[in-house]
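Input: a single structure, listed below in structure tokens.
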Number of protein chains: 2
Amino acid sequence: MSSTQTDTKTRILDTTWKLLESGNKNVRMSDIAKAVGISRQALYLHYPNRADLLIATTRHIDSVKDIDGRLAESRAAKSGKDRLSAFIRAWVGYIPEIHGTSVALRAMQATDAEAAAAWNDRMQAMRHGCAAAVKAIKDDGLLLPHLTEDTATDLLWMILSVENWERLVRDCGWSQADYEATIQTLAHKALSG
Amino acid sequence: MSSTQTDTKTRILDTTWKLLESGNKNVRMSDIAKAVGISRQALYLHYPNRADLLIATTRHIDSVKDIDGRLAESRAAKSGKDRLSAFIRAWVGYIPEIHGTSVALRAMQATDAEAAAAWNDRMQAMRHGCAAAVKAIKDDGLLLPHLTEDTATDLLWMILSVENWERLVRDCGWSQADYEATIQTLAHKALSG
DNA sequence: TGTCAACTTTACATCGTGTCAAGCGGTTCG
DNA sequence: CGAACCGCTTGACACGATGTAAAGTTGACA
């Protein structure tokens, strides 16, 4: 509860964030400790293991960047298509912020069940946003007839995946703006023709 | 050159394939050795490291399943759109075969440069197929005007990624047939409206 | 009989995670 | 003042997986 403890915990999260987002793959516990300026063991006094630290880091980013608030804005849109656009805009703006953490967390999925669950959980939350946008379009009678709400949600979820962002922006060198424009078009075409 | 050596090498590849495709994450060198019926060290007499073994396994799968031949068939199509359909059909049928190996290889990307290069190489080969299909559509004058050949290739490449297959088929429980139908529609819409 | 190849057994180095225990320098409280 | 406590350090170690090294076994073939 003391302010020094809070400070160290926050410093750890900020540092972890920075390291992960610096594109440096293979960020080890010792790397983080060194960057924070504490011993590796002190890290374990604050976070019991690497998975917990990564998860805490994503939550930290969320609160700093107010992702919930940003996604919530899309609910204000009048029409289904506007809502879809707003949701995509919010989500797509969020991806670059969490990309480094996302890579690290996904890399742990294979070996760490807790990490897998944490990442899954976040993706399910995003999926709820997809489902809401799909429902709004359906309510407007604009959902393509051959799509159910579920399959449409799955499809939108797939289109908006972090992996797809990585492929176009990181691997193919697209600008964030090009990526967003293309993905907006693609998503609208996929759902409502 | 002796037939016993070839037999063991082949048995190793077949076993590795089977283990990876059984959905069993975290296939260790010792697991493979045990399944083959040889010592862990004997494995290293045939393949110097895990990355090499995984790469050899994908090449083995390729030759057994004749992926090159199957993808080549798409070149016979008359129209650009037929060509795209044929290419997607061939590739999409291939994904389930290599999925397990793909997961293992991608999991190594973070730590092993050789594994990353191998996976990259295979994806680039697939990308060439995408580029050829895009060119065929463009030659028919059916490529959407706002798309260049390069961006269209990137987009198709993204749509056909193994990760997207995983999301819909494995995570969302789609059948292979549903997946293929949806992805065919999506790809055609994305490129030529 | 001797050699060679394929394989075994045993042992060890390395790297990163995570655990354990003892100690140390402040602050705070009785 | 002194005891307790907190945040941290130092150092050592277990574990699991990969990969290396070396000596020994087995069977085929000449």
Side-chain angles (χ1 to χ4, degrees), chain A residues 1-16 19-20 24-57 101 103-119, chain B residues 1-16 19-20 24-57 101 103-119:
Chain A
M1 293 296 175
S2 82
S3 94
T4 53
Q5 177 171 5
T6 308
D7 280 352
T8 303
K9 273 184 123 78
T10 312
R11 249 167 58 226
I12 291 172
L13 295 180
D14 282 334
T15 306
T16 305
L19 284 179
L20 290 173
N24 214 334
K25 271 180 197 303
N26 299 344
V27 175
R28 291 157 298 189
M29 294 298 267
S30 53
D31 296 328
I32 297 169
K34 188 186 287 184
V36 175
I38 59 176
S39 69
R40 189 173 69 92
Q41 278 58 30
L43 221 49
Y44 285 99
L45 296 177
H46 292 281
Y47 300 95
N49 54 56
R50 191 167 181 273
D52 274 24
L53 173 54
L54 293 182
I55 293 161
T57 302
T101 318
V103 169
L105 216 43
R106 271 153 43 214
M108 290 193 73
Q109 273 188 308
T111 55
D112 189 301
E114 201 189 345
W119 178 248
Chain B
M1 293 295 173
S2 82
S3 95
T4 52
Q5 175 171 5
T6 307
D7 279 352
T8 304
K9 272 184 124 78
T10 313
R11 250 167 58 228
I12 290 172
L13 294 180
D14 282 334
T15 307
T16 305
L19 283 179
L20 290 173
N24 215 334
K25 272 179 197 302
N26 299 345
V27 175
R28 292 157 297 188
M29 294 299 268
S30 55
D31 296 328
I32 297 169
K34 188 188 287 185
V36 175
I38 60 175
S39 68
R40 188 172 69 90
Q41 278 56 33
L43 222 47
Y44 285 99
L45 296 177
H46 292 282
Y47 300 96
N49 54 56
R50 192 167 181 272
D52 274 23
L53 173 53
L54 293 184
I55 294 162
T57 303
T101 317
V103 169
L105 215 43
R106 270 154 44 213
M108 290 193 73
Q109 273 187 307
T111 55
D112 190 300
E114 200 188 346
W119 178 248

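Labels below follow one simple rule: chain letters A, B, ... track the order of the sequence lines, proteins then strands, and each chain is numbered from 1.
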Is there a side chain to side chain contact (heavy atoms under 4.5 Å, CB included) between A/N49 and A/D52 once you walk through the steps?
-> CA-CA 6 Å; A/N49 54 56; A/D52 274 24; 3.5 Å; yes

Just compare D/dA12, C/dT17, D/dT20 and give me whichever is closest to any side-chain atom of B/Y44.
-> D/dT20

Taking only the side-chain nitrogens and oxygens of B/H46, find out if one of them lies under 4.0 Å from OP1 or OP2 of C/dC7.
-> yes

At under 4.0 Å, does any side-chain N or O of A/T8 touch on OP1 or OP2 of D/dC8?
-> yes

B/I32 CD1 - D/dT18 C1' separation (whole Å) | 12 Å

Check the distance between D/dA17's P and A/D112's CG and give it to me in whole angstrom.
-> 14 Å

Salt bridge between A/R28 and A/D31, side-chain N to carboxylate O under 4.0 Å?
-> yes

Round to a whole Å and report the spacing from CZ of B/R11 to C1' of C/dC7.
-> 11 Å

Using whole Å, report how far OH of A/Y47 lies from P of D/dG7.
-> 13 Å

Whole angstrom is fine here: how far is it from CG in B/D7 over to P in C/dA5?
-> 18 Å

hbond_proxy A/Q41 side chain to C/dT19 base (donor-acceptor, 3.5 Å cutoff) | yes

Does any N or O in the side chain of B/D112 come within less than 3.5 Å of the main-chain N or O of B/A51, such that one atom is a donor and the other an acceptor?
-> no

For the side chain of A/R28, starting at C-beta, report the closest nucleotide among C/dT8, C/dT17, D/dT10.
-> C/dT17

Starting from C1' on D/dA17, measure out to CZ on B/R40 and report it in whole angstrom.
-> 8 Å

